[in-house]
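All remarks here apply to the structure that follows.
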There are 2 protein chains.
Amino acid sequence: MSEKRPTIVDIARLLGVSHSTVSRAFTHPQLLSPRTVELVRTTAADLGYIPNRSAQALSTGRPGVIGLLVPDITNPFFPPMIRAAQRVAERRGISVYIGESDNDPERELALISRFERQVEGFIIASSRLSETALRGATERVRSVLVNRDLAGVPRVLLPAGEELRRAIADFADHRAHGAAGLAAGGRVAYVGGPHRSWSQGERRAAVEEACREHGVPVTVSSCEVGTYRESHRIGEALEVAAGDLVIAFDDVIAHGLFDALTARGLRIPEQVMVLGCDGALPVETSPRLPTVRLAASGAGRRAAEMLLDAADPERVELPASLVRWPLS
Amino acid sequence: MSEKRPTIVDIARLLGVSHSTVSRAFTHPQLLSPRTVELVRTTAADLGYIPNRSAQALSTGRPGVIGLLVPDITNPFFPPMIRAAQRVAERRGISVYIGESDNDPERELALISRFERQVEGFIIASSRLSETALRGATERVRSVLVNRDLAGVPRVLLPAGEELRRAIADFADHRAHGAAGLAAGGRVAYVGGPHRSWSQGERRAAVEEACREHGVPVTVSSCEVGTYRESHRIGEALEVAAGDLVIAFDDVIAHGLFDALTARGLRIPEQVMVLGCDGALPVETSPRLPTVRLAASGAGRRAAEMLLDAADPERVELPASLVRWPLS
DNA sequence: TTGAAAGCGGTACCAG
DNA sequence: CTGGTACCGCTTTCAA
């Protein structure tokens, strides 16, 4: 396998032209006579010529690759983002290195220094780095952040706060009017995610603010790892009563809570409502859980475009949508 | 950002040695005096030297990258595989290009030709290519297949057949003894996946054979796209009665069927059992569905090792395990 | 044990 | 419009 593939020199020799001509036929065809371009291109195709990216990278200084860093590829939120970014890159002839930090800042930093020399830039999703570390990295390599709000660095944010506030407002409203089996004393229980991330802060703050504003009591707890299994355990002990609204950091946690609460005999959504976040699970439950659906694909696409088109709009927010919400 | 990073020439000049010496300090330290090696290495570290992979690739002819092709990155089966392969590659200083074919043979082929010149080899998971096309590709570039059984090409297989047979044997057994609410007339309904893949054939064949062998009537149908939504719709119309066993191609389909059947008033698993495959969902249902859990991570790891260590054992099967199965 | 020099496969500048 | 040539950063003979 892998016979020696033809280079521009082979093509040049075959055509009796200089290899610069062959190169130009691909990179600056305007400088050449249409006939020459045509000739070069067809023989190149005949020979099965494919440019050597390493050589191009070396001579242009542009590697033709971007790095995409995620904390956890098995979190269903990321694959759609990866896919979208990849599609954009592909259309521009650019490849994507995938790097997974495993939620570990050390590993994230290691990945960055491992790749920084080889890529045109990074898309760093849900970075676990400290502000200092992240700023240092982004100063060395062109980067676009996803779900991290660092002033001065291009970033795409998927805030869920607005929709969470809406949900809580609806909840407070129904509660006040004693509608639909909601007891007057209903509370909100927020179960946060495992990491200190921008999303974490944003969602929690929104929940707390909205509850304060609407005079709804709220309790806050957190996961350590964020798996279904763990949140199920949390749900077994969670202080919840009929009339409450349980808000989870994400859909996986929401599902664990949902199942645990159901097992405790609480009827959902009639007695207790469970609201998740992300909207990227490949499966649903029955009854289907409401969620704040985030534009993961949109974020991947936008981030890639910002990175590759070097566009300026440096802080982009993509709207979320509250779906399957029974109170609106 | 991106100041000019130091090259071996910078280090060489600083030390008053030739740049070949610097190069050797990294690639063939045995050839140098320990003092020189030490000297070069420390000043390299001081300067923050990072080798330029493109240059290395160009001069050695080895790109230091492998390509990992999957049909659908949002299918929860693949991320653990990607992660595992990535870890192995990383440990060897090799990066991973991720490519998604979107279940489209054309796209898969396009990705292959786009990458083949830039990678040391491919891991091709669940290829959708015809045998001819795939053989052509694997002749040009070193490749390891996952879940595709092409003689002569190194491959890692995750067969589910044995465990499916076991499940059906259990089912037939219980049915014969009229145990646990299983009506004597119970049947097996197999709902296949959307693609003609090796796994598809393997699972379906196993189900049909085992049913024939045990004298259990079986019906076979198929998904067109394989989403939760679609399989839910299929479940609404599926011909099922109390005492039946429903086997789905994967867990996503199983969940759709499960919810639809539950909505039809069938109690699961008391009246109807639903068995999935893969065991990679980030969430579970309640009651938790049994599944044939495949070693996705193991496959990623093995495939990467086979590719990078150029080892010979060319056909590897990784065992599956039937989990949460109520009849064993 | 080290240096000099020739590539690897392209790009891009300078002439003509 | 096209050819000649230097160069990108590193590896690898070949000599010394």
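Computed from heavy atoms alone, side chains included, the values below leave out hydrogens, waters and symmetry copies. Residue numbers start from 1 in every chain, and the chains themselves are labelled A, B, ... in the order their sequence lines are given, proteins ahead of strands.
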* To do: Report yes or no: is there a donor-acceptor pair, N or O only, under 3.5 Å between the side chain of R24(B) and the base of dG3(C)?
  => yes
* To do: Give a yes or no on whether a donor-acceptor pair under 3.5 Å exists between the nucleobase atoms of dG9(D), that is its base, and the side chain of R5(B).
  => no
Proximity to the side chain of [X] - top-ranked nucleotide from [options]:
X: S18(A); options: dC10(D), dG4(D), dG9(C); answer: dG4(D)
X: T7(A); options: dG9(C), dT2(D), dA12(C); answer: dG9(C)
X: T27(A); options: dG9(D), dT11(C), dC1(D); answer: dT11(C)

* Asked: Of the non-hydrogen atoms in D72(A) and F78(A), which two are nearest, and what is the gap between them?
  -> O-CD1, 3.2 Å
Whole-Å distance between [N] [atom2] and [X] [atom1]?
X: I8(B); N: dT12(D); atom1: CD1; atom2: P; result: 12 Å
X: Q118(A); N: dC10(D); atom1: CD; atom2: P; result: 12 Å
X: H28(A); N: dC13(C); atom1: NE2; atom2: C1'; result: 11 Å
X: Q56(A); N: dG10(C); atom1: CD; atom2: C1'; result: 7 Å
X: R53(B); N: dC8(C); atom1: CZ; atom2: C1'; result: 16 Å
X: R13(A); N: dG3(D); atom1: CZ; atom2: P; result: 15 Å
X: R62(B); N: dC10(D); atom1: CZ; atom2: P; result: 17 Å
X: R117(A); N: dC8(D); atom1: CZ; atom2: C1'; result: 11 Å

* Name the residue closer to the 5' end of DNA chain C, choosing between L58(B) and H19(B) according to the nucleotide with the nearest heavy atom. => H19(B)
* Taking for each residue the nucleotide of DNA chain C bearing the nearest heavy atom, is the 5' side occupied by S59(B) or by S33(B)? -> S33(B)
Does [N] have its OP1 or OP2 closer than 4.0 Å to a side-chain nitrogen or oxygen of [X]?
X: T60(B); N: dT11(D); answer: no
X: T21(A); N: dT2(D); answer: no
X: S54(A); N: dC8(C); answer: no

* To do: Fit a plane to each ring of Y97(A) and Y97(B), take the angle between them on a 0 to 90° scale, and name the class: parallel (under 30°), tilted (30 to 60°) or perpendicular (over 60°).
  => parallel
* **Verdict with supporting geometry, L150(B) and R135(B), side-chain contact (heavy atoms from CB on, under 4.5 Å)** => CA-CA 8 Å; L150(B) 194 57; R135(B) 194 171 291 283; 3.2 Å; yes
What's [X] touching, base or sugar-phosphate or nothing? Going by heavy atoms closer than 4.0 Å.
X: Y49(B); value: sugar-phosphate
X: V9(A); value: nothing
X: V22(B); value: nothing

* If each of S20(A) and Q30(A) is mapped to the nucleotide of DNA chain D with the nearest heavy atom, which maps nearer the 5' terminus, i.e. the 5' end? -> Q30(A)
* 5' priority, DNA chain D, between L31(B) and P51(B) [closest heavy atom] -> P51(B)
* For E317(B), does the CD atom have more than 12 heavy-atom neighbours from other residues, nucleotides or ligands under 6.0 Å away? -> yes
* Asked: Do S18(A) and S20(A) have a side chain donor and acceptor closer than 3.5 Å?
  -> yes
* Going through the checks in order, is the side-chain contact (heavy atoms from CB on, under 4.5 Å) test met by R128(A) and H195(A)? -> CA-CA 8 Å; R128(A) 306 301 189 212; H195(A) 309 286; 3.4 Å; yes
